[in-house]
Amino acid sequence: MDILHCDLDAFYASVEQRDQPALRGKPVIVGGRPGSRGVVSTCSYEARKYGIYSAMPANQAYRLCPQAIFLPPDIPKYIKASQQVFAILHRYSPVIEPLSIDEAFLDVSGCHSLFGSSTQIAQLIKQDVWEETGLLISVGIAANKFLAKLATNLGKPNGLLELGEEQVREILPLLPVNEIWGIGSKTAQRLKQAGIATASDLLLYPRFKLEAILGSNTDFYIQLCRGQDSRPVLSRSEQKSIGNEITFPQDLDDQKEIEHLLLELSCQVAYRVRHASLIAHTVTIKMRTPDFQTLTRSQTLQQGVDADLTIYKIALNLYHKSGLAGECLRLLGLNCSKLNDRTIEQPALFVDENDTLDQIIDDMKSKFGIDTIKRGSLLNRINRKI
Ligand code: TTP
Ligand code: MG
């Protein structure tokens, strides 16, 4: 039983209750305000008793519980808490797969001699998270990812549940299909129409008929219903690289124009690196000449980078030293590789004034869409075809 699934309880609402003691024990709803068209991001377990859940319209939540305390989300505060929690998880295993801001898988198969059994590791994680962040985290333990996540959900809140073979044999057959990881409400509805309400119903149903509902995922779901899941825990750093490239409609030899495009590529790639909570140790540029010769130039850095202008400076330097500056190109690319998790390594801040600007731009991009904001130096390219 080497797979742990960890998920903070009522995350955003718990952070608010932690910071404002008057809110503890009360129904707290984080998200849109009643009277607006907003929705509930999450709510405290006290509010869940009234039937309130994530994504419910705020107006409906208000009707169910008018005395609830509605709060707007404070995303920077939640990101800080999330980083603290992930730093704790990294103490107990190097093999961590983050699933969301408050949720991750850990493979602890290589960690027992250091920290004890899986249950002991789960206890240590819960204790550290509580003592250092004041938040409760539920942990599920099982032989694979599907069962570990199921264990967390069954144990919540403040859970620590190990699902051994015997418990799996008891619980799994009766598991409603909508609680099987990956089966959304529409698919669950179609399964129910076919008379499939539970995992055991699904296993008894003829495979060829099942395929009409589940398509190419049929065998995967059959395996899950048997309690089998062979997917490994994949840490983010196993993501090999993040990159972008542009093929020009016409060959381009204007050096200033190419430098401009390099800045644009740097901003796009750096944003994706930061968005995945990674930092890069290698920056590579790729250039293709009109006769289809492809040339790459790389720089590997001891300290990881993730800032727009830091990556741009490196890329620009590589371009100038490539021997192709001012030459005609048909393609330009930029790639970041040797990626590390940001929670275990801080990026280099040698252009630190850009960090704040990057953060503001990232915030706006995640709130209003990736194309809504650009650096002023890129503005003259907006609406122009590359
Ligand atoms: P979850 O882990 O799904 O929910 P939770 O932590 O609030 O509650 P629990 O795990 O105990 O069931 O999501 C983590 C955070 O992500 C949540 O606190 C708020 C945010 N979130 C949204 O903003 N919208 C959503 O629809 C969901 C599901 C979550
Ligand atoms: Mg959670």
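In what follows, residues are counted from 1 in the order of the sequence shown. Counting starts at 1 for both ligands and their atoms, in listed order. Reckoned from all heavy atoms, side chains included, excluding hydrogens, waters and symmetry mates.
In summary, an N, O or S atom of Asp7 is located under 2.8 Å from the Mg ion (ligand 2). For the Mg ion (ligand 2), the set of nearby N, O or S atoms under 2.8 Å includes none belonging to Glu103. For the Mg ion (ligand 2), the N/O/S atoms of Leu8 include one lying under 2.8 Å.
Within 6.0 Å of CD in Glu165 there are 12 or fewer heavy atoms belonging to other residues, nucleotides or ligands.
Rounding to the nearest 0.5 angstrom, the gap separating the CD1 atom in Ile222 from the CG atom in Asp219 is 5.5 Å.
Of the charged side-chain nitrogens involved, none lies within less than 4.0 Å of a carboxylate oxygen, so that Arg24 and Asp19 do not count as a salt-bridged pair. Checked for salt-bridge contact, Glu132 and Arg91 meet the test: a charged N lies under 4.0 Å from a carboxylate O.
Within 4.0 Å of ligand 1, counting heavy atoms only, the contacting residues are Asp7, Leu8, Asp9, Ala10, Phe11, Tyr12, Ser41, Thr42, Tyr45, Arg48, Ser54, Asp102, Lys156.
Of all heavy-atom pairs spanning Ser118 and His112, the tightest one is OG-CE1, 3.3 Å.
Shortest distance from the Mg ion (ligand 2) to Asp102 is reached at OD2 (N/O/S atoms only).
The aromatic rings of Phe70 and Tyr62 sit tilted relative to each other, their planes meeting at an angle between 30° and 60°.
Taking the ring axis of Tyr45 as reference, the NZ or CZ atom of Arg48 stays within 45° of it and closer than 6.0 Å to the ring centre.
Residues satisfying the salt bridge (Lys or Arg N to Asp or Glu O under 4.0 Å) test with Asp229, not counting sequence neighbours, are Arg231.
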